[in-house]
Number of protein chains: 2
Amino acid sequence: MKSEMSLRIENLLNSANLRRTGPRAAILSVLLQADKPLTQGQIAANLAAVIPNKVTIYRTLASFCRAGLVHKAFMHKRAWHFELADKCTESQCHPHFTCKSCGVVRCLVGLSVSIVEGLKKGFVIHRQQVRLEGLCPSCGGKKSM
Amino acid sequence: MKSEMSLRIENLLNSANLRRTGPRAAILSVLLQADKPLTQGQIAANLAAVIPNKVTIYRTLASFCRAGLVHKAFMHKRAWHFELADKCTESQCHPHFTCKSCGVVRCLVGLSVSIVEGLKKGFVIHRQQVRLEGLCPSCGGKKSM
DNA sequence: TGCTAAATGCAACTAAGTTGCAAAAAGTTT
DNA sequence: AAACTTTTTGCAACTTAGTTGCATTTAGCA
Ligand SMILES: [Mn+2]
Ligand SMILES: [Mn+2]
Ligand SMILES: [Zn+2]
Ligand SMILES: [Zn+2]
């Protein structure tokens, strides 16, 4: 019998019209269990049995993005951080916090920010991204290095 | 006699306690005349006579950032975009718009966004960055590729 | 069971940014 | 002005996230 998780993954892949393959299920599983956006490297590190090729992970993430299943949340240290798109509205992903000192990332899911207004006529906004940088509670007392 | 521009540059470097060198003056001049954040490559392309080594440009920008003269405004296509920090408050650079189709960048200097509130106790926010993606007026009618 | 389009793995590549080190230039002292 | 000290510069080599081409494998389907 299949676990709830694998059923959910199957459904997601089916409804996105993507073939069900080992790498896709594994990567999706990691993203489903993550509470924050992950890089390709972090995804690979969280994979247990099957560790697909780096290229496959990137191509899988690209497919997921195309299907609207995943977002590129933000880029940090020259690396994209990917997360499931389910907690984002169409025009705005929730804000993300990154600690300058320890690098910890927090999704600020509750705190939506109103879209910037007053842009000159003719501009069409597809997406607004808000990022916060600072110190997390555990780093707050220390000097950021 | 010195031009107004070179006097201004001299003052900026002096007050930032940075030695006055050819590369620094040239790079600062490009940034002073730019109306939007530029990458290292774009800065190099805008330099006229002296074209310093790529490494020098990066190190100069790092010095300027350390001195608070310049900001890393945002990263796009894996490249940092630098701009003078004079139009930014301490906690927030103005929002930036990037056209998905043609790549044109616009500084939204007037349109500040209120800092996200409601973050859990203990977090210290140093900086909020807002980015908009969409279509500029000239690309608005066309399909984004 | 076989067919075909889609997905994967591998190796080689791209490009922004960094590092170590020796040479050059800026600011300072004599 | 010459000598000295410290910072800056240039060069070559390196790092690393992400991409590309191509041969091989596999999912979905007849
Ligand atoms: Mn998130
Ligand atoms: Mn700007
Ligand atoms: Zn921290
Ligand atoms: Zn455009």
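A note on names: the letters A, B, ... follow the listed sequences, proteins ahead of strands, and every chain is numbered from 1. For clarity, every value in this text was computed on a predicted model and none was experimentally measured.
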Residue list, side chain to side chain contact (heavy atoms under 4.5 Å, CB included) with [X], at least two apart or on another chain:
X	answer
B/Asn14	B/Arg20
A/Tyr58	A/Gln40, A/Lys54
A/Ala67	A/Ala16, A/Leu18
B/Val105	B/Lys36, B/Pro37, B/Phe74, B/Thr98

If hydrophobic residues (ILVMFWY) are linked whenever their side-chain heavy atoms come closer than 4.5 Å, directly or via other members, who joins A/Val55 in its cluster? none
Would you work out how much the helix from C/dT1-D/dA30 to C/dT30-D/dA1 bends between its ends, with each end axis defined by five base pairs, to 10 degrees? 20°
Do [X] and [Y] come close enough that some side-chain heavy atom pair is under 4.5 Å?
X	Y	answer
A/Leu31	A/Leu69	no
A/Ser138	A/Val104	no
B/Thr39	B/Gln42	yes

The correct set of residues in residues 48-82 of chain B placing a heavy atom under 4.0 Å from DNA chain C is B/Lys54, B/Val55, B/Tyr58, B/Arg59, B/Arg78, B/Ala79, B/Trp80
Using the 3.5 Å cut-off, write out each protein N or O paired with an N or O of nucleotides 26-30 of chain D and the distance between them.
residue	atom	partner	partner atom	Å
D/dA27	N3	A/Arg19	NH1	3.0
D/dG28	OP1	A/Arg20	N	2.9

Pairing residues for B/Phe97 by the ring pair (Phe, Tyr, Trp, His ring centres under 6.0 Å) criterion, not counting sequence neighbours: A/Phe123
Residue set satisfying side chain to side chain donor-acceptor pair (under 3.5 Å) with A/Ser29, at least two apart, ordered chain then number -> A/Gln33
List in chain and number order the residues that pass salt bridge (charged side-chain N to carboxylate O under 4.0 Å, His left out) with B/Arg131, two or more places apart in sequence or in another chain; answer none if no residue qualifies. B/Glu133
Do you know which of B/His81, B/Gln129, B/Glu83 makes side chain to side chain donor-acceptor pair (under 3.5 Å) with B/His96? B/Glu83
Boundaries of the chain A footprint along DNA chain C (any atom under 4.0 Å from a heavy atom): C/dA5 to C/dG17
I need the CG-P distance between B/Leu47 and D/dG10, as an integer number of Å. 11 Å
